[in-house]
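Residue numbers start from 1 in every chain, and the chains themselves are labelled A, B, ... in the order their sequence lines are given, proteins ahead of strands.
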Amino acid sequence: MPELPEVETIRRDLAPLVAGRRIEAVEVDPGTIHLLSDLSLGDLRSALVGRRIESLGRRGKYLLFELDDGQALVVHLRMTGRLVWRAADAPPEPYERARIVLDASSPLSLDEGEGSGVRVHHLRWSDLRKFGTWRVVGDPEAYLAKRLGPEPIDAAFSFAAFRAAVQGRSASMSIKAVLLDQRRMAGLGNIYVDEALFAARIRPATPANGVSAQALKRLWEATRRVLEQGIENRGASFKDYVDGQGNQGSQHMHVQVFRRTGKPCYACGTPISRTVVAGRGTHFCPRCQPARRRRHED
DNA sequence: CGTTACCTGAAA
DNA sequence: TTTCAGGTAACG
């Protein structure tokens with residue numbers, strides 16, 4: 001569910017609320033702990049309780065709670081994970097599996113009633129499918145560096161960097177599979193890949209090494225644009241995604257092709273097609289994203 | 001590389 | 001009843 005824009009929205013919501021607070025307690029549903037973490041509940045508590053959260057960061061689709069002992073709690077929401085800020089007396093979330101109890105006062109968030117403030121709050125973790133993960137790691141940079149390529153929305157992510165990521169080794173795979181590969185660039189998922197390929201007018205199944213230089217340039221720009229737009233619209237809430245306060249985003253109302261199978265393309269009116277590429281449901285306009293013309297064998 | 005498994009629904 | 005789901009790791 002959550003791709004880079006969704007995770008970044010959550011980060012921006014929660015960062016000012018959690019920064020400077022101390023973790024008072026950690027509670028986890030006993031039936032979930034072995035899926036959520038590689039630590040026992042006791043070891044997870046030992047690592048977290050009493051620590052102060054210094055900041056909340058993001059890399060790709062991971063959230064990083066940076067702790068005052070140099071370790072970090074690295075959270076991945078996978079398909080249905082949610083992390084929302086709630087007053088301690090708020091009723092349980094649907095499919096709530098864990099909570100982190102935070103201290104009432106914080107030097108960074110002086111209270112204004114509502115939201116932040118003097119009352120005790122929880123981070124509530126809910127996860128219908130239980131795919132989400134919490135890892136406590138000593139060196140988050142190293143932990144993520146070996147799993148993730150560069151951030152596609154960084155100013156430093158130049159066209160040259162994009163081209164290198166796309167063309168680096170075994171480029172006969174589909175361009176969609178390449179964009180989904182987190183080690184090439186971090187943060188794209190099924191929604192934003194389909195949207196970027198539509199915006200760049202490239203058919204998702206096109207072999208990566210068959211994308212022209214011109215189309216590649218369009219794709220670089222489109223990738224960054226759709227991610228930025230997703231952040232502006234606070235993420236896409238097709239089903240499970242909510243932000244750090246539990247509210248839906250609006251990006252799902254602005255998609256051009258994702259889950260619009262059979263509906264008219266906004267550009268040309270042709271019905272949107274659905275196929276499977278890279279093992280994922282894939283949406284595209286057969287007219288705006290033409291199949292690459294096969295070169296004539298003479 | 002593509003496929004399967006992880007888990008629990010919602011929708012067709 | 002069957003298929004599909006915004007993600008990834010493991011498998012062949």
Side-chain angles (χ1 to χ4, degrees), chain A residues 1-10 28-38 58-63 74-83 93-98 125-135 143-144 146-149 168-198 204-210 223 226-227 229-231 233-243 248-262 274-283:
Chain A
M1 119 207 209
E3 306 178 27
L4 186 156
E6 288 73 31
V7 178
E8 176 61 16
T9 300
I10 293 169
V28 183
D29 165 27
T32 299
I33 181 66
H34 66 109
L35 297 170
L36 183 62
S37 177
D38 53 348
R58 180 193 59 76
R59 262 292 269 136
K61 304 174 191 175
Y62 291 84
L63 284 169
V74 179
V75 173
H76 198 300
L77 284 66
R78 293 290 183 94
M79 295 289 269
T80 58
R82 294 177 171 186
L83 208 45
E93 297 297 300
Y95 305 103
E96 183 177 312
R97 315 284 189 198
W125 170 259
S126 67
D127 187 4
L128 187 156
R129 294 177 74 179
K130 304 182 183 175
F131 290 163
T133 57
W134 293 8
R135 291 279 117 83
Y143 177 83
L144 295 175
K146 69 178 182 197
R147 291 169 170 74
L148 301 179
R169 75 210 318 294
S170 79
S172 64
M173 60 201 296
S174 69
I175 187 63
K176 172 157 181 171
V178 163
L179 294 180
L180 285 172
D181 182 351
Q182 303 297 298
R183 286 162 310 193
R184 293 171 184 266
M185 63 195 84
L188 287 163
N190 212 26
I191 299 175
Y192 294 93
V193 165
D194 280 6
E195 293 299 308
L197 288 168
F198 172 80
T206 308
N209 60 12
T223 296
V226 298
L227 292 172
Q229 189 197 19
I231 294 170
N233 289 320
R234 302 187 55 76
S237 294
F238 282 96
K239 192 154 192 262
D240 299 295
Y241 164 74
V242 293
D243 65 23
Q248 299 200 327
S250 63
Q251 176 63 19
H252 55 288
M253 298 192 269
H254 300 281
V255 294
Q256 303 293 298
V257 291
F258 187 76
R259 292 201 195 167
R260 293 196 65 247
T261 312
R274 182 186 183 282
T275 58
V276 174
V277 177
R280 316 293 302 278
T282 296
H283 316 77

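- Rounded to an integer number of Å, the gap from CD of Glu6(A) to P of dG7(C) is 9 Å.
- Regarding contacts with the backbone of dT8(C), a side-chain N or O of His76(A) is found under 4.0 angstrom from either OP1 or OP2.
- Look at the P atom in both dT3(B) and dT3(C): the space between them is 16 Å, to the nearest Å.
- Atom pair Leu77(A):CG and dT8(C):C1' shows a separation of 13 Å (rounding to whole Å applied).
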Worked check of side-chain contact (heavy atoms from CB on, under 4.5 Å) between Asp240(A) and Met79(A): CA-CA 8 Å; Asp240(A) 299 295; Met79(A) 295 289 269; over 6 Å; no

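- Taking each heavy atom of Gly281(A) and Asn190(A) in turn, the nearest pair found is O-ND2, 3.0 Å.
- Residue contacts shown for Phe258(A) are limited to sugar-phosphate atoms, with no base heavy atom under 4.0 Å away.
- dC7(B) and dA10(C) are spaced 15 Å apart, taking the P atom of each and rounding to whole Å.
- For Tyr62(A) and dG7(C), the shortest distance from a side-chain N or O to OP1 or OP2 is not below 4.0 Å.
- Rounded to whole Å, the distance from NE2 on His283(A) to C1' on dA5(C) is 10 Å.
- Atom CD1 of residue Ile10(A) and atom CZ of residue Arg234(A) lie 9.5 Å apart, to the nearest 0.5 angstrom.
- In this view, Phe258(A) and Phe238(A), His283(A) satisfy the ring pair (Phe, Tyr, Trp, His ring centres under 6.0 Å) rule, not counting sequence neighbours.
- Atom CZ of Arg183(A) and atom P of dA10(C) are 11 Å apart (whole Å).
- OP1 and OP2 of dG7(C) both lie 4.0 Å or more from every side-chain N or O belonging to Gln182(A).
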Dot-bracket summary - DNA chain B, pairs being Watson-Crick or G-U whose distances fall under 3.5 Å, with | when paired to another strand: ||||||.|||||

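- As a whole-Å value, the separation of Arg280(A) CZ from dC1(B) C1' is 16 Å.
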Check: protein-nucleotides 2-4 of chain C nitrogen or oxygen pairs below 3.5 Å:
none

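- Under the stacking criterion of a centre-to-centre distance below 5.5 angstrom and an interplanar angle below 30°, Phe131(A) sits stacked against the six-membered ring of dC6(B).
- The cationic group of Arg97(A) does not satisfy the cation-pi geometry with Tyr95(A), failing either the under 6.0 Å distance to the six-membered ring centre or the 45° limit from the ring axis.
- Across all strands shown, Gly279(A) has no heavy atoms under 4.0 Å from either base or sugar-phosphate atoms.
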side-chain contact (heavy atoms from CB on, under 4.5 Å) between Leu144(A) and Tyr62(A), worked out: CA-CA 9 Å; Leu144(A) 295 175; Tyr62(A) 291 84; 3.8 Å; yes

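- Distance CG (Asp194(A)) to C1' (dG7(C)): 15 Å, rounded to an integer number of Å.
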Check against side-chain contact (heavy atoms from CB on, under 4.5 Å), Lys176(A) and Arg280(A): CA-CA 9 Å; Lys176(A) 172 157 181 171; Arg280(A) 316 293 302 278; 4.2 Å; yes

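- When only modelled atom types and interatomic distance are considered, Gln251(A) and Tyr192(A) share no side-chain donor-acceptor pair under 3.5 Å.
- Listed pair Arg129(A) / dG9(B) fails the phosphate criterion, with no side-chain N or O lying under 4.0 Å from OP1 or OP2.
- Residues Gly60(A) and Ala186(A) come closest through the heavy atom pair CA-CB, 3.7 Å.
- Counting heavy atoms of neighbouring residues, nucleotides and ligands inside a 6.0 Å radius, atom CZ of Arg183(A) does not exceed 12 of them.
- Distance from the side chain of Arg78(A) is smallest for dA9(C) among the nucleotides dA9(C), dA5(C), dT8(B).
- Closest to the side chain of Asn190(A), from the set dG7(C), dA10(B), dT8(C), is dG7(C).
- Protein atom CG of Leu179(A) is 14 Å distant from nucleotide atom P of dT8(C), rounded to whole Å.
- Regarding Lys130(A), its NZ atom lies at a distance of 20 Å from the P atom of dA9(C), rounded to whole Å.
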